[in-house]
Amino acid sequence: MNNLIYVTDIHTNKILFMNQTMKDRFALKAPEGKICWQVFQQNMSQRCNFCPVSKLLRDPSSNKTIHWEEVNSKTGRIYENHDSLINWFDGSIVHLQQSIDITDSKKAFHDACFDELTNTLTRRAGKELLEKLIKAAHQNCHGFITCMFDINSLKQVNDNYGHSEGDKLIITICQTLKKYLGSGDIFFRLSGDEFIVVFTEHSLQNVKEILQKVLIELKNSAQKNALPYEPSFTYGILELQSTSNYSLTDILNRVDEKMYEQKRSYHILKRQQDAGLQKQSDPSEKNSFSYQAEYLYDALVNSTDDYLYVCDVQSDVFHYPKTMVEEFALPGEYIKNAAAIWGAKVHPDDQSAFLASNQEILDGRANIHYVEYRAQNKEGKWIWVRCRGQMQYNEQGEAILFAGFIKKLGENYKQQLP
C-alpha cells in the first residue's frame with residue numbers, strides 16, 4: 001500500500017499503529033507508544049495547531065472525515081491527509097489518518113500551469129481562468145478590466161547584453177507588477193514578451209495609476225542600479241462593463257488592438273517625455289524639425305521584436321527588415337509587387353483571408369489592415385503571424401504610405417486557442 005497510515009490515542013496523542021510504508025518514508029523503526037507530534041514534526045512542544053482531532057471530537061458519533069493538505073516540516077513533502085475517528089480493538093475511539101504523498105503531482109500541476117521563468121500562469125491556464133471569469137461575470141453582472149502589455153526593447157537587450165539579461169528584464173517587470181495585484185486578479189504569459197493581467201478589484205482609474213506606478217518604479221530601479229537600458233512596457237486596457245457580452249477571443253483581440261495603438265506611438269511619446277515637451281508644441285519647432293526616413297526606419301526596427309514594413313504606395317515598393325528577409329527567404333529588403341511575392345509564402349488555407357484584407361486596402365474600403373495567417377519560413381515550416389498596418393493619405397486624399405508590423409505567433413498558435 002502506498003498510503004501512509006497511522007492511529008493515535010485521542011487523549012494522549014500516542015501512536016498506536018503505523019503501517020510499514022509510513023515507517024519507511026519517515027525512517028522510523030518502532031514509533032508505537034511515542035507522541036505523534038514529536039515524531040512527525042520539528043520543534044513542537046504541544047499538539048499541532050493544525051491537528052484536526054479537536055474538530056472531529058466535537059461530534060465523535062458522526063462518520064465525518066476531514067480532508068486537508070500539509071507540508072511536513074521533517075520531510076518537506078506535501079501530503080493530502082484524510083482524518084477520521086474509528087473504534088479501536090478495545091472499544092475505545094481513536095484517531096485514524098491516511099495520507100497520500102502528492103508532492104510530485106503538485107509539482108507536475110505547477111509546471112503545467114505556471115511559466116517557469118516568470119512564475120505567472122501559462123497561456124493555457126490563464127485563458128482557462130479568464131474564460132471562467134467571463135462566464136461568472138455574465139451570470140453575476142459584474143465587470144472587470146483586462147490589460148495586455150508588451151515588454152519594450154526585449155530583442156535589443158537580448159542582442160546587446162545576452163539572453164540572460166533579457167530574462168532578467170522579463171522577471172523584473174513581472175515581479176514588480178505582481179506586488180500591486182490582488183488575490184482575485186489573473187496574471188499570465190500570452191507569448192514570449194506579451195502578458196495579460198486581469199484586474200477584478202480595481203476601477204479603470206486605479207488600473208491606470210497602478211501601471212504608471214510600476215513604470216516609475218522600474219525606471220527608478222534602473223537608475224539606481226545603473227542599468228544600460230530602461231525596463232518598460234507598452235500596454236492596452238479594456239474595461240468590461242457588467243452588461244458586456246464579449247467572448248474570450250473578442251477580449252484578447254480588442255485589448256491587443258488597444259495595446260497596438262499605444263505601441264505605434266511609443267517611440268514618439270518617449271522622445272516627448274525625455275525632452276519634457278508639452279502636448280502643445282511651438283509651430284516654429286515643428287517647421288524646423290526634420291529627420292531622414294532611412295535612419296528612422298532602422299531605429300524602429302531595432303526597437304521592436306516585430307517585423308516593421310513600409311510601402312511607398314506610388315512606386316509599389318515595400319521595405320522589409322533584414323531579419324524578416326532572412327527568416328522567410330525573401331529576395332531582398334526592397335521588393336516591388338510584394339503582395340504577390342509575400343503572398344506566395346502564405347498557406348493555401350489562409351490565402352482568401354490574406355487577399356481579402358489586402359483588396360480592402362487597395363479598393364479604399366478600409367485603411368486599417370489586420371489579419372492572421374501562416375507563412376512559410378526558410379526551413380519550410382508554417383509560422384502563424386499577425387499582420388497589422390495602416391494606410392496614410394496626403395492632403396489631397398491620395399494614398400501615399402502604407403506601414404505596419406508583422407508579429408510571429410509561432411507554429412502552434414491556433415492549437416493553443418480555446
Side-chain angles (χ1 to χ4, degrees), residues 106-127 129 147-181 185-198 210-236 252 256 259-260 262-263 266-267 270 299-308 321-324 326-327 377 381 383-386 405-413 416:
K106 276 276 188 181
K107 184 180 184 304
F109 175 79
H110 184 278
D111 292 345
C113 294
F114 287 87
D115 178 66
E116 183 178 3
L117 179 66
T118 64
N119 203 33
T120 59
L121 290 168
T122 60
R123 175 191 178 95
R124 183 178 296 278
K127 290 175 72 173
L129 274 183
C147 169
M148 176 185 287
F149 73 86
D150 178 286
I151 297 176
N152 295 325
S153 305
L154 178 59
K155 182 178 183 299
Q156 187 176 359
V157 172
N158 284 332
D159 292 344
N160 294 337
Y161 309 106
H163 284 271
S164 61
E165 190 67 24
D167 289 346
K168 181 180 176 182
L169 169 60
I170 297 173
I171 294 170
T172 299
I173 290 177
C174 290
Q175 288 180 342
T176 304
L177 182 54
K178 279 181 182 179
K179 296 189 295 185
Y180 293 88
L181 300 183
D185 297 335
I186 301 172
F187 189 10
F188 66 93
R189 191 174 187 176
L190 188 64
S191 63
D193 58 353
E194 287 185 341
F195 293 80
I196 295 290
V197 186
V198 183
I210 287 172
L211 295 173
Q212 288 305 309
K213 286 179 181 178
V214 172
L215 288 170
I216 292 172
E217 185 174 333
L218 289 169
K219 183 176 181 179
N220 293 338
S221 177
Q223 293 175 347
K224 180 180 179 181
N225 295 301
L227 292 181
Y229 57 87
E230 182 179 312
S232 64
F233 53 85
T234 305
Y235 63 86
L252 294 180
D256 179 73
M259 184 189 75
Y260 176 61
Q262 191 189 78
K263 188 169 184 175
Y266 164 71
H267 300 283
K270 188 173 186 305
L300 292 176
V301 165
N302 292 327
S303 300
T304 179
D305 298 324
D306 300 339
Y307 296 131
L308 169 65
K322 185 178 180 180
T323 50
M324 181 176 170
E326 295 174 350
E327 170 71 13
N377 68 8
K381 297 179 180 178
I383 308 298
W384 279 100
V385 300
R386 178 182 297 138
F405 291 91
I406 295 177
K407 173 184 283 292
K408 287 202 303 179
L409 303 174
E411 292 183 69
N412 303 316
Y413 168 65
Q416 297 172 343

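Below, each value reflects all heavy atoms present in this structure, side chains not excepted, and no hydrogens, waters or symmetry copies. Quick note: residue numbers are just sequence positions, from 1.
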Inset, instruction - Any chance you could measure Leu121, atom CG, to Phe114, atom CZ, to the nearest 0.5 Å? - result: 4.5 Å

Legend entry - Heavy-atom pair with the smallest gap, counting every atom of Val197 and Leu177: CG2-CD2, 3.6 Å

Legend entry - Interatomic distance, Cys174 atom SG to Ile151 atom CD1 [nearest 0.5 angstrom]: 5.5 Å

Inset, instruction - Would you kindly say whether Ser164 and Asp167 are connected by a side-chain donor-acceptor distance under 3.5 Å? - result: no

Inset, instruction - Determine, stepwise, if the pair Val385 / Leu409 fulfils side-chain contact (heavy atoms from CB on, under 4.5 Å). - result: CA-CA 5 Å; Val385 300; Leu409 303 174; 5.7 Å; no

Legend entry - Greater than 12 external heavy atoms within 6.0 Å of Lys178's NZ: yes

Legend entry - Single hit among Ile170, Leu154, Ile173 for side-chain contact (heavy atoms from CB on, under 4.5 Å) with Phe233: Ile173

Legend entry - Donor-acceptor pair between Asp115 and Thr120 side chains, under 3.5 angstrom: no

Inset, instruction - Would you name the heavy atoms of Cys113 and Ala125 that are closest together and state the gap between them? - result: O-CB, 3.6 Å

Inset, instruction - Calculate, to the nearest 0.5 Å, the distance between atoms CD and CG belonging to Glu326 and Asn377 respectively. - result: 12.5 Å

Inset, instruction - Report the C-alpha distance between Glu165 and Leu227 in whole Å, list the side-chain angles of each, state the deciding distance to 0.1 Å, and finish with yes or no for side-chain contact (heavy atoms from CB on, under 4.5 Å). - result: CA-CA 10 Å; Glu165 190 67 24; Leu227 292 181; 4.3 Å; yes

Inset, instruction - Rounded to the nearest 0.5 Å, what's the gap from CG on Leu211 to OH on Tyr180? Could you check? - result: 10.5 Å

Legend entry - Arg189 side chain near Ile196 side chain, heavy-atom distance below 4.5 Å: no

Legend entry - Salt bridge flag under 4.0 Å for residues Lys179 and Glu217: yes

Inset, instruction - Answer yes when Asp256 and Arg386 have at least one side-chain N-carboxylate O distance shorter than 4.0 Å, and no when they do not. - result: yes

Legend entry - Identified side-chain contact (heavy atoms from CB on, under 4.5 Å) counterpart of Gln156 within the set Asn152, Asn160, Asp159: Asn160

Inset, instruction - Inspect the surroundings of CD in Gln223 and state if more than 12 heavy atoms from other residues, nucleotides or ligands are less than 6.0 Å away. - result: yes

Inset, instruction - Would you confirm whether the ring centroid of Tyr235 sits within less than 6.0 angstrom of the ring centroid of Phe149? - result: no

Legend entry - From CA spacing to verdict: side-chain contact (heavy atoms from CB on, under 4.5 Å), Arg124, Phe188: CA-CA 9 Å; Arg124 183 178 296 278; Phe188 66 93; over 6 Å; no

Inset, instruction - Answer with yes or no whether the side chains of Tyr307 and Glu327 bring together a donor and an acceptor at under 3.5 Å. - result: no

Legend entry - NZ/NE/NH1/NH2 to OD/OE distance under 4.0 Å, Lys407 and Asp150: yes

Legend entry - Separation of Ile186 CD1 from Cys147 SG (nearest 0.5 Å): 13.5 Å

Inset, instruction - State, with a plain yes or no, whether a side-chain heavy atom of Leu215 is found less than 4.5 Å away from one of Lys213. - result: no

Legend entry - Stepwise side-chain contact (heavy atoms from CB on, under 4.5 Å) check, Phe187 with Thr118: CA-CA 10 Å; Phe187 189 10; Thr118 64; over 6 Å; no

Inset, instruction - Please examine the side chains of Phe195 and Leu190, heavy atoms only from C-beta on, and report whether any two atoms are closer than 4.5 Å. - result: no

Inset, instruction - Enter the distance from Asp305:CG to Asn158:CG here, rounded to the nearest 0.5 Å. - result: 7.5 Å

